[in-house]
S.K.: 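Take a look at the following structure, please.
Just so you know, ligand 1 is whichever comes first in the structure, and atom 1 is the first atom listed for that ligand.
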Amino acid sequence: MIFHVLTLFPEMIEQACRTSILGRALEAGSICLRTTNIRDFADNPNGRIDDYCYGGGAGLLMQPGPVCRAVEAACGEYEERPRVIYVTPQAEVFTQAKAEEFAACKNLVFLCGHYEGIDERALSRVVTDYVSIGDYVLTGGELPALVMIDAISRLVPGVLHNDASAEIESFHDNLLEYPQYTRPEVFEGERVPPILLSGHHANIERWRREESLRRTRERRPDLLKTAALTSMDRIFLDELSRREELKASGSGDEDIWKTEEEK
Ligand code: ADE
């Protein structure tokens, strides 16, 4: 997978990508990074690529000429024309499903705007995908592009050495990940849940699934609508709701839901 980023700040992209897991993946050749400085495509000797907005209003806009020329030069490097992703808050929000879709591409071009954005005529000519990383406004597109590159890279074979972890982590089946524990077994008086020390794999799997369901229900109930739930999962969720209702009505005997150890 080749990530090609068009930006006014290539060093920001280069530095972040050359660190940690992405840095190792670049060195190993599992992913490849190219950057283009849009300023190199300015149509004046001083490298200016922004100007005032027609119709008034505060702020400067990136001009269409340099942006289109930079995109065409980048796309020309590839046999098949790559998707050109413009990162903007005025778009559909990036999700794990979108990361999976992009991870199947051979090459991706990211276009990062600055100032008030980019002239609409350039966008309508070259952009194939408009993507936001959330409903807030950042000063430029570099951080959103990095967020997406990170999320996509970890799905590229060879980037994470343990391929299973890319699958199981948060959002697998559209559920949040279960809680995890490492040594010590007792931390400030709090024990690791005993089932995790039992060595009983089927019970551990069931416990993890239930904790994923519990956590998703508590923190992101919206995800449950589209989660891949089994009939066992539904029974567990119904049971949680029933317990809550009993508790709220004051008629529940709290202890009946506790394990022997918790009592
Ligand atoms: N550029 C500025 N804010 C952004 C956001 N939230 N997502 C994507 N690109 C952006």
S.K.: What part of P89, side chain, backbone, both or neither, has a heavy atom within less than 4.0 angstrom of ligand 1?
M.R.: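 P89 to ligand 1: contacts from backbone and side chain alike.
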
S.K.: When the ring planes of Y78 and H4 are compared, do they come out parallel, tilted or perpendicular, using 30° and 60° as the limits?
M.R.: perpendicular

S.K.: Among all protein heavy atoms, pick the one closest to atom 7 (N) of ligand 1 and tell me residue, atom and distance.
M.R.: I133 N, 3.0 Å

S.K.: May I ask whether A91 has any heavy atom positioned less than 4.0 angstrom from an atom of ligand 1?
M.R.: no

S.K.: Scan V5, L26, T35, T19 and name whichever one has a side chain to side chain contact (heavy atoms under 4.5 Å, CB included) with E14.
M.R.: T35

S.K.: Same cluster or not: are I49 and F41 linked, directly or through other Ile, Leu, Val, Met, Phe, Trp or Tyr residues, by side-chain heavy atoms under 4.5 angstrom apart?
M.R.: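 Different clusters: I49 never reaches F41 through Ile, Leu, Val, Met, Phe, Trp or Tyr contacts under 4.5 Å.
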
S.K.: Under 30°, 30 to 60°, or over 60°: which ring-plane class applies to Y86 and Y130, parallel, tilted or perpendicular?
M.R.: perpendicular

S.K.: Could you list the atoms of ligand 1 found under 4.0 angstrom from a heavy atom of G134?
M.R.: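 Reading through ligand 1 atom by atom, the close ones are 6 (N).
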
S.K.: Which ligand 1 atoms are under 4.0 Å away from a heavy-atom of Y136?
M.R.: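 Within the 4.0 Å cut-off of Y136, ligand 1 contributes 3 (N), 5 (C), 6 (N).
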
S.K.: Checking contacts here: is it the side chain or the backbone of T88 that comes within 4.0 Å of ligand 1, counting heavy atoms only? Could be both or neither.
M.R.: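 The part of T88 near ligand 1 is the backbone, not the side chain.
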
S.K.: Counting each atom of ligand 1 from 1 as listed, which ones have a heavy atom of G140 under 4.0 Å away?
M.R.: 1 (N)

S.K.: Once you round to the nearest 0.5 Å, how far does CZ of R24 lie from OG of S30?
M.R.: 10.5 Å

S.K.: For atom 3 (N) of ligand 1, find the nearest protein heavy atom and state the residue, atom name and distance (0.1 Å precision).
M.R.: L138 N, 3.0 Å

S.K.: Does T128 reach the main-chain N or O of V84 with its side chain, forming a donor-acceptor pair under 3.5 Å?
M.R.: yes

